[in-house]
Amino acid sequence: MIEEPRLSTVDSPTRDGGLLICGLNYGLARDGNPQGESDFPPWASHFTDYQSNSKGDRFVSRLASWFAWWNISLENPDRTPTELNLAISQTNLFYDSSKSFTARSKPEVELAFSRLQKAIKKLNASGLLLASTTLAGAARDFFQISEWQSVTAGRFVFYHALTDSMQIAVCPHPRCPQKRSDVESVALTVRQWIDDVMREYKNRQNQRSERIGA
């Protein structure tokens with residue numbers, strides 16, 4: 001496995017102290033063959049930077065649809081990215097393509113979470129959103145979360161918790177079909193969680209500015 005974390009979003013001061021969104025791995029076509037981990041350069045200037053990905057990114061576009069259903073803006077009326085959009089960094093837990101999470105060994109999972117922790121530390125992240133409910137148990141163990149708080153609507157479950165250093169949440173992977181009404185039903189909880197992340201983000205941005213200005 002690659003030891004150092006990789007991000008899809010390019011390095012930017014606006015992401016210091018922000019929200020890290022983490023998928024499971026790269027998608028695998030129905031008739032595709034699993035591929036091992038591979039290195040990649042960052043390509044997105046911001047989370048919904050579709051133009052920089054010529055193949056499109058269904059993970060981003062579907063998750064962005066959920067944000068819209070939660071009434072959380074990622075774009076301004078003039079289509080420029082919002083403060084939240086610019087504060088988001090994106091990565092995966094694994095840098096490979098595979099259809100199964102449960103087939104992974106415990107050491108492999110632990111190494112992947114340790115690598116994710118490096119990304120969190122580098123970004124000084126205020127929030128972590130894991131986009132796959134299969135990660136809820138492993139995340140609870142790794143981050144030593146005593147108990148998840150959760151809200152459920154149909155097949156949609158949103159887990160969230162506060163650790164000593166950041167807000168953590170888990171939602172379904174965007175590839176999993178969801179009813180819009182179910183996604184919208186958890187909007188109040190998600191908006192509150194995002195508000196908490198962004199409040200701390202602004203604190204950390206101010207602290208960064210003070211360090212630079214000192």
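Using a 4.5 Å cut-off on side-chain heavy atoms (C-beta onward), Phe143 and Leu128 make contact. Ile21 places a side-chain heavy atom less than 4.5 Å from the side chain of Leu19. Side-chain contact between Leu84 and Ile194 is present, with at least one heavy-atom pair separated by less than 4.5 Å. Proximity of Thr9 to Pro42: side-chain heavy atoms (C-beta onward) are nowhere separated by under 4.5 Å. Asp49 places none of its side-chain heavy atoms less than 4.5 Å from the side chain of Val10. Side-chain contact check for Trp70 versus Glu184: every heavy-atom pair is 4.5 Å or farther apart. Annotation: side chain of Leu20 is in contact with side chain of Leu116 (closest heavy-atom distance under 4.5 Å). Residues Gln178 and Arg155 have side chains in contact (heavy-atom distance under 4.5 Å, counting atoms from C-beta outward).
The pair Glu4-Lys118 meets the salt-bridge criterion, with a side-chain N (NZ, NE, NH1 or NH2) lying under 4.0 Å from an Asp/Glu carboxylate O. Contact check on Lys202 versus Glu83 returns a salt bridge, with a Lys/Arg side-chain nitrogen under 4.0 Å from an Asp/Glu carboxylate oxygen. Salt bridge Arg104/Asp96: present, at least one basic N to carboxylate O contact under 4.0 Å.
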**OP:** Evaluate the criterion ring-ring contact (aromatic ring centres under 6.0 Å, His included) for residue pair Phe156 and Trp66; output intermediate values, then yes/no.
**Re:** CA-CA 11 Å; Phe156 198 97; Trp66 292 358; 5.1 Å; yes
**OP:** Could you give me the CA-CA distance, side-chain angles and deciding distance for Cys171 and Leu129, then say whether side-chain contact (heavy atoms from CB on, under 4.5 Å) is met?
**Re:** CA-CA 7 Å; Cys171 70; Leu129 176 60; 4.1 Å; yes
**OP:** Please test Val151 against Tyr159 for side-chain contact (heavy atoms from CB on, under 4.5 Å), starting from the C-alpha separation and ending with a verdict.
**Re:** CA-CA 7 Å; Val151 57; Tyr159 300 93; over 6 Å; no
Subject >> Check against side-chain contact (heavy atoms from CB on, under 4.5 Å), Ile88 and His46 >> reply: CA-CA 7 Å; Ile88 293 174; His46 54 276; over 6 Å; no
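If you take CG on Asn203 and CE on Met198, they are separated by 11.0 Å, rounding to the nearest 0.5 Å. Summarising the geometry, atom CZ belonging to Arg15 is positioned 7.5 Å from atom CG belonging to Asp11; distances are rounded to the nearest 0.5 Å. Between atom CZ of residue Arg6 and atom OG of residue Ser8 there is a gap of 12.0 Å, rounded to the nearest 0.5 Å. Expressed to the nearest 0.5 Å, how far CD of Glu110 lies from CG of Asp141 amounts to 9.0 Å. Distance NZ/Lys179 to OG/Ser185: 10.5 Å, rounded to 0.5 Å. Atom CZ in Arg58 sits 13.0 Å away from atom OG in Ser65 (nearest 0.5 Å).
Because its NZ or CZ atom is not both nearer than 6.0 Å to the ring centre of Phe59 and within 45° of the ring axis, Arg175 does not count as a cation-pi partner of that residue. The cationic atom of Arg115 (NZ for Lys, CZ for Arg) lies less than 6.0 Å from the six-membered ring centre of Tyr95 and within 45° of the ring axis.
Looking only at atom types and distance, the side chain of Asn206 has no donor-acceptor partner in the side chain of Glu210 under 3.5 Å away. Between Asn76 and Thr82, the side chains place no donor N or O within less than 3.5 Å of an acceptor N or O (distance only, hydrogens not considered).
With Asn124 as the fixed residue, the side chain to side chain donor-acceptor pair (under 3.5 Å) test singles out one of Gln207, Arg204, Gln205: Arg204.
Closest approach of Met166 to Leu162, counting heavy atoms only: O-CD1, 3.6 Å. Contact between Ser126 and Val197 at its shortest, heavy atoms only, is CB-O, 3.7 Å. Considering all non-hydrogen atoms of both residues, Ala139 and Leu130 come closest at CB-CD1, 3.5 Å. When every heavy atom of Val186 is checked against every heavy atom of Ala153, the shortest pair comes out as CG1-CB, 4.1 Å. Of all heavy-atom pairs spanning Leu93 and Phe113, the tightest one is CD2-CE1, 3.8 Å. Ala138 and Val109 get closest at one heavy-atom pair: CB-CG1, 4.1 Å.
Phe158 is connected to Trp69 through a chain of hydrophobic side-chain contacts under 4.5 Å among Ile, Leu, Val, Met, Phe, Trp and Tyr, so both are in one cluster. Under the 4.5 Å side-chain heavy-atom criterion for grouping Ile, Leu, Val, Met, Phe, Trp and Tyr, Met1 is connected to Leu24 within one hydrophobic cluster.
Of the possible polar contacts, one joining the Thr14 side chain to the Leu86 backbone as a donor-acceptor pair under 3.5 Å is found. Counting only distance, with no hydrogens or angles, the side chain of Trp148 and the backbone of Arg140 share no donor-acceptor pair below 3.5 Å. Between the Ser73 side chain and the Glu75 main chain, no donor and acceptor come within less than 3.5 Å of each other.
For Asp164, the CG atom counts as loosely surrounded, since its 6.0 Å shell holds 12 or fewer non-hydrogen atoms of other residues, nucleotides or ligands.
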